[in-house]
Amino acid sequence: MARFPQAFYARPAREVAVALLGKRLVRLLDGRRVAGIIVETEAYCDADEPDLACHGDRANQGRPTARSEIMFGPAGFAYVYFTYGMHWMFNVVTGREGKANAVLVRALEPFEGEEIIAQNRPGRRRREWTNGPARLAQALAIDKSLNGANLFAPDGVLWVEEGWTVRPEAVCVGPRVGLGQTPEPWFSMPWRFWLSGNPFVSI
DNA sequence: AGCACGATTAACT
DNA sequence: GTTAATCGTGCTC
């Protein structure tokens, strides 16, 4: 199965966020495939619009910082950041170079390498392996070392490829999760997307 | 140099 | 339903 090319990611974040639903996120660990179907995403900074929930727009007057610079770069790279003192979040960089633009992957349905996922999520039931952004990062061993990883390089260890066929009417839309003090209108913008009824959606 | 807080999770009552 | 955990980042002094 082929890795999606850079052109797949070089579109506005909302478009990519929807396109990612049903696709397969693959992680190569010791030469073995560990993968899940993407069932929930969130868009941050769609196209050229501002988004005060987005790290790229919230800090440093919309200019890159040490943390967010990857998001300002070209599409098709991983933006992995650390939060709450213990969790890693995995995003794909979208849009055009020069503007922060990314999609947070919030949940997967386990699909391949489940015995490795089980090792990475010890003591948890299958239902709780990958139903949240920090949980799926732990399940696929995604951390700081993958910040800036190329998702379309032939020799990469993390990529997206074909998965399920998703009917448009199966895509649900709603406001993003966990935005805290983010002001309106961004707090309520319906930029969270998920597959209707999928048991691995985080909320 | 110091401080407040976070695109969350797990373990409580 | 409530709250502790835990530290990098960005901002202020």
Side-chain angles (χ1 to χ4, degrees), chain A residues 9 12-18 20-21 25 36 38-47 49-73 75 77-95 99-108 110 117-149 158 172-194 199-203:
Chain A
Y9 304 98
R14 269 147 64 196
E15 194 177 324
V16 178
V18 173
L20 281 171
L21 293 176
L25 178 65
I38 297 172
V39 299
E40 182 184 353
T41 59
E42 282 179 358
Y44 285 86
C45 298
D46 189 61
E49 297 173 45
D51 176 8
L52 268 291
C54 176
H55 294 162
D57 281 354
R58 191 165 61 203
N60 199 21
Q61 302 176 333
R63 301 170 62 85
T65 64
R67 176 171 71 162
S68 68
E69 64 175 344
I70 293 290
M71 266 203 300
F72 287 83
F77 292 81
Y79 168 48
V80 181
Y81 72 91
F82 184 68
T83 192
Y84 291 106
M86 64 194 90
H87 299 309
W88 297 98
M89 306 282 166
F90 167 68
N91 304 248
V92 302
V93 176
T94 61
K99 176 70 173 71
N101 210 291
V103 173
L104 171 69
V105 177
R106 286 192 55 89
L108 305 174
I117 294 178
Q119 287 173 23
N120 291 339
R121 299 282 297 142
R124 307 311 195 301
R125 293 192 303 271
R126 184 173 185 270
R127 177 83 169 240
E128 293 165 358
W129 283 352
T130 51
N131 62 333
R135 291 168 176 172
L136 75 86
Q138 189 178 21
L140 269 55
I142 295 173
D143 63 15
K144 185 189 187 88
S145 69
L146 287 174
N147 190 36
L158 183 65
C172 297
V173 178
R176 295 172 291 182
V177 179
L179 297 193
Q181 309 304 313
T182 299
E184 295 289 1
W186 300 285
F187 185 84
S188 300
M189 293 301 268
W191 291 352
R192 172 172 172 255
F193 307 92
W194 68 95
F200 291 90
V201 171
S202 68
I203 294 181

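Note that these values count all heavy atoms, side chains included, but never hydrogens, waters or copies made by symmetry. Computed from a predicted model, the values in this text were never measured in an experiment. A, B, ... follow the sequence lines: proteins, then strands. Residue 1 opens every chain.
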Parallel, tilted or perpendicular: ring planes of A:His55 versus A:Tyr79, cut at 30 and 60 degrees: perpendicular

Separation of B:dA11 atom C1' from A:Arg135 atom CZ, nearest Å, is 12 Å

Once you apply a heavy-atom cut-off of 4.0 Å, does A:Arg176 come out as touching a base, just sugar-phosphate, or nothing? nothing

- Message: Regarding A:Ala53, tell me which of base, sugar-phosphate or nothing describes its non-hydrogen contacts under 4.0 Å with the strands shown.
- Response: base

Whole-Å distance, A:Met71 CE to C:dT9 C1', equals 13 Å

Checking N1-N3 plus N6-O4 or O6-N4 for Watson-Crick, or N1-O2 and O6-N3 for wobble, each under 3.5 Å, the partner of C:dT6 is none

Separation of B:dA7 atom C1' from A:Leu52 atom CG, nearest Å, is 14 Å

> Does A:Arg58 make a side-chain N or O approach to OP1 or OP2 of C:dG10 shorter than 4.0 Å?
Replying inline: no

Re B:dA7: Watson-Crick or G-U wobble partner, both distances kept under 3.5 Å, found to be none

From CD of A:Glu128 across to P of B:dT8 the rounded distance in Å is 17 Å

Stacking of A:Tyr81 on B:dA7 base (centres under 5.5 Å, planes under 30°): no

Residue pair A:Tyr84/A:Lys144 against DNA chain C: nearer the 5' end by closest nucleotide is A:Tyr84

Need one value for A:Met86: base, sugar-phosphate or nothing, where a base atom within 4.0 Å counts as base even if backbone is also close, heavy atoms only. base

With the side chain defined as heavy atoms from C-beta on, A:Asn60 is closest, among B:dA7, C:dC7, C:dC11, to C:dC11

**Ion pair A:Asp46/A:Lys99, N-O distance below 4.0 Å** = no

**Prompt:** Would you say a side-chain N or O of A:His55 is under 4.0 Å from OP1 or OP2 of B:dA7?
**Reply:** yes

Taken to the nearest whole Å, CD1/A:Ile70 to C1'/C:dT9 is 15 Å

A:Gln181 has its side chain closest, among C:dC7, C:dG10, B:dG6, to B:dG6

Separation of B:dA7 atom P from A:His87 atom NE2, nearest Å, is 12 Å

Between A:Phe200 and A:Glu40, is any pair of side-chain heavy atoms under 4.5 Å apart?
no

Here the gap from A:Ile142 atom CD1 to A:Leu158 atom CG, rounded to the nearest 0.5 Å, amounts to 5.0 Å

By nearest-nucleotide position on DNA chain B, the 5'-leaning member of A:Gln138 and A:Gly85 is A:Gly85

Look at A:Arg121 and B:dA10 and indicate whether a side-chain polar atom (N or O) is within less than 4.0 Å of OP1 or OP2.
yes

Atom CE of A:Met89 and atom P of B:dA7 are separated, to the nearest Å, by 8 Å

Strictly below 4.0 Å: does A:Arg124 bring a side-chain N or O up to OP1 or OP2 of B:dA10?
yes

